[in-house]
> 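Just passing along the structure, written as structure tokens.
Chain identifiers are assigned alphabetically (A, B, ...) following the order of the sequence lines, protein sequences preceding nucleic acid strands; residue numbering begins at 1 within each chain.
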There are 2 protein chains.
Amino acid sequence: MTVSRVLRNRGDVSDSTRERVQEAARRLGYVPNKIAGALASQRVNLVAVIIPSLSNMVFPEVMTGISDTLEDTGLQPVVGVTNYSPDREESVLYEMLSWRPSGVIIAGLEHTDAARAMLAQAGIPIVEIMDIDGTPVDSAVGISHRRAGRQMAEAIIAAGYRNIAFLGTMMPHDHRARKRLEGFEEALAKAGLSLVDREFYSGGSALLKGREMTEAVLTRSPQVDFLYYSNDMIGAGGLLYCLHKGLDVPGQIGLAGFNGVELLDGLPRKLATMDACRLEIGRVAAEIIAGKHPSGTIGGEVIELFPTLQKGDTIRG
Amino acid sequence: MTVSRVLRNRGDVSDSTRERVQEAARRLGYVPNKIAGALASQRVNLVAVIIPSLSNMVFPEVMTGISDTLEDTGLQPVVGVTNYSPDREESVLYEMLSWRPSGVIIAGLEHTDAARAMLAQAGIPIVEIMDIDGTPVDSAVGISHRRAGRQMAEAIIAAGYRNIAFLGTMMPHDHRARKRLEGFEEALAKAGLSLVDREFYSGGSALLKGREMTEAVLTRSPQVDFLYYSNDMIGAGGLLYCLHKGLDVPGQIGLAGFNGVELLDGLPRKLATMDACRLEIGRVAAEIIAGKHPSGTIGGEVIELFPTLQKGDTIRG
DNA sequence: ACGAATGCTGTTACCGCTAACATATCGCAG
DNA sequence: CTGCGATATGTTAGCGGTAACAGCATTCGT
């Protein structure tokens, strides 16, 4: 018992005893068994983080926000990856909940019924991140992708572009990309416009795909004067293609992506984009789990963040 | 007890009982407590994966290799990130070992003494990945970065370049980048050459940094005819800069990076590089932990993989 | 028809730690 | 010297599962 107290810095232990214990622990290479500890204390210092992908550049940054915030709370993030599959999400969630974490941070608002039920029943703080266009189980932190799409469309129309094409991923379960497109088309419609062309891809090097898709679109629909990409990576590929072809950007043709990845800073011309507040989302989600969020209330909150539109060098005006 | 058997698919249970149990579990939203299970059975289906960073594009790919292989073994990866700090690595390792995982996959061969001691004492399979230039605690899977640096130098020299500069990260704990540089300089020395210039950076957008560093080097040392980058991302930035400046690549100046990231496929010209066998490393490491590696032996093995040099369009010949 | 094998379910004793409480030790005021 | 609070250490009973083994029907071979 005294050993337990020393190793957890809890309760009163005399200095001499404390030192003897620490010395012995060091000498024996003793590592306490958290499994037993957790079972006895009914407390687990783990936070489940469930995200669709790591190869995306966006989720690693969310992770950074989470890790940094959790750093000095004694909580530890544990990552699960779903590959954009709802079934996989469900099983990863089940697996993680069975370790009784202190909280769950999960990307998106769309889950299987079973997953929603598990989340609702877990009795721990749940934070759904990235997106707020929908009904969260508990708390949510993110941006409105529908609004983001709308804003971009409005900026494009205001700049005078009229023949607009969309280029994006073909992932049935990437709801955020879908919502952006929906918002985008909605704003186009309001201005009496509609997409002139659209092109989808899946898999492969995003930069290369952006290049190829752009070529395909411009060949098929030469009248296009704006290319809206569902992410910065394919947008960057498209930009490199346009510059290579000697097109006048943004005079003759404009481009925009989404995410605000730092990659863009190194491009010959800065791609228009909207940052997705990734770091901030991670930070706030972690604060909610750690009970540190200034809002103070206990869960059930939707925190909307507002991305800023960066026009870069690829939208006129 | 019967419930336990049903939920783990172990032992004999009659169909009728099995169904009653499953129905009840579903109705109650019962999620078994793995903590208790693990304590009782002394078995934990977790594999600790300890890596320096997620924002690197290389580790996510290793993770993919690991996840894919572990998928059908019942084992689950748990990721810890060290940010290239040995102390942080030590504490992350301690934290993870206290959950008694079934194995540890950890990047690099350089650890604090305490970390090495913990790994050696853990009594579970340990696989150190990415690098094999050193002495592993148990098993190791990776490439020789020293040799990789040497090979690249030899290829560059063979192509006739003589005024070679190095551009890389300034991370005291990125041992693999250091070893590549060492091997590189070693091979230069053997040919009676030495680096004409060198430039280091830390933090910021790699693509942009590559651009800036390249400009700095070419301004300071106009005689330079080859730029060797410690990673593809800064190499890509440098390539974009050279093309922008209208330099003749690879005639007037050559470039090479390291990693073989898919990003390169989308560049206007393909950067010379060596792939780091990232997916394969993850796959093999996971196989060793899962006891599935064909080698059959029980640990203590060093598995060297051999990266291939891709000359791309940025080395003559 | 009988013992053995088989199939299913139940009992018991932990796993390694911690909460809660109990006991011991000490200093010091009264 | 006693009594009391403060400090330091020890005791006990679980936490929620599982291994190992113990029942008890039922089936089977001979």
> Would you mind reading off the distance between A:Leu39 atom CG and D:dG17 atom P, rounded to a whole angstrom?
9 Å
> Below 4.0 angstrom from OP1 or OP2 of D:dA8, is there any side-chain N or O of A:Thr2?
no
> Over how many whole Å does the gap from B:Arg20 atom CZ to C:dT9 atom C1' extend?
11 Å
> Check every atom of C:dA19, C:dT9, D:dG17 against the side chain of B:Asn33 and return the nucleotide holding the closest atom.
D:dG17
> Could a donor-acceptor pair under 3.5 angstrom be found where the side chain of B:Arg5 meets the base of C:dG10?
yes
> Any luck finding a side-chain donor-acceptor pair between B:Ser14 and B:Arg18 under 3.5 Å?
no
> Within this structure, what is the CE-to-C1' distance between B:Met1 and D:dA22, rounded to whole angstrom?
13 Å
> To the nearest Å, give me how far apart CZ (A:Arg43) and P (C:dA19) are.
5 Å
> Indicate whether any N or O donor in one side chain lies under 3.5 Å from an N or O acceptor in the other, for A:Glu90 and A:Thr112.
yes
> Does A:Thr17 have a side-chain nitrogen or oxygen under 4.0 Å from the phosphate oxygens OP1 or OP2 of D:dT9?
yes
> Provide, to the nearest angstrom, the distance between the CG atom belonging to A:Asn45 and the C1' atom belonging to C:dC17.
15 Å
> Just how far, in rounded Å, is P of C:dC8 from CZ of B:Arg10?
17 Å
> Using the closest heavy atom to pick a nucleotide of DNA chain C for each, name whichever of B:Ser16 or B:Ala36 lands nearer the 5' end.
B:Ser16
> Calculate the interatomic distance between A:Leu7 atom CG and D:dT9 atom P; express it in whole Å.
15 Å
> Could you tell me whether the phosphate oxygens of D:dT7, OP1 or OP2, come under 4.0 Å of any side-chain nitrogen or oxygen in A:Ser14?
no
> So what does A:Asp12 hit on the nucleic acid, given a heavy-atom distance under 4.0 Å: a base, only sugar-phosphate, or nothing?
base
> Whole-Å distance between D:dT7 C1' and A:Asp15 CG?
12 Å
> Going by the side chain to side chain contact (heavy atoms under 4.5 Å, CB included) test, name the single residue among B:Val49, B:Ile124, B:Ile289 that passes it with B:Pro101.
B:Ile124
> Testing A:Arg178, A:Lys179, A:Arg146 one by one against A:Asp131 for a salt bridge (Lys or Arg N to Asp or Glu O under 4.0 Å), which residue passes?
A:Lys179
> Does D:dG17 have OP1 or OP2 sitting under 4.0 Å from an N or O in the side chain of B:Tyr30?
yes
> Say whether B:Glu89 and B:Asn83, considering side chains only, have a donor N or O and an acceptor N or O under 3.5 Å apart.
no
> At under 4.0 Å, does any side-chain N or O of A:Gln42 touch on OP1 or OP2 of D:dG16?
yes
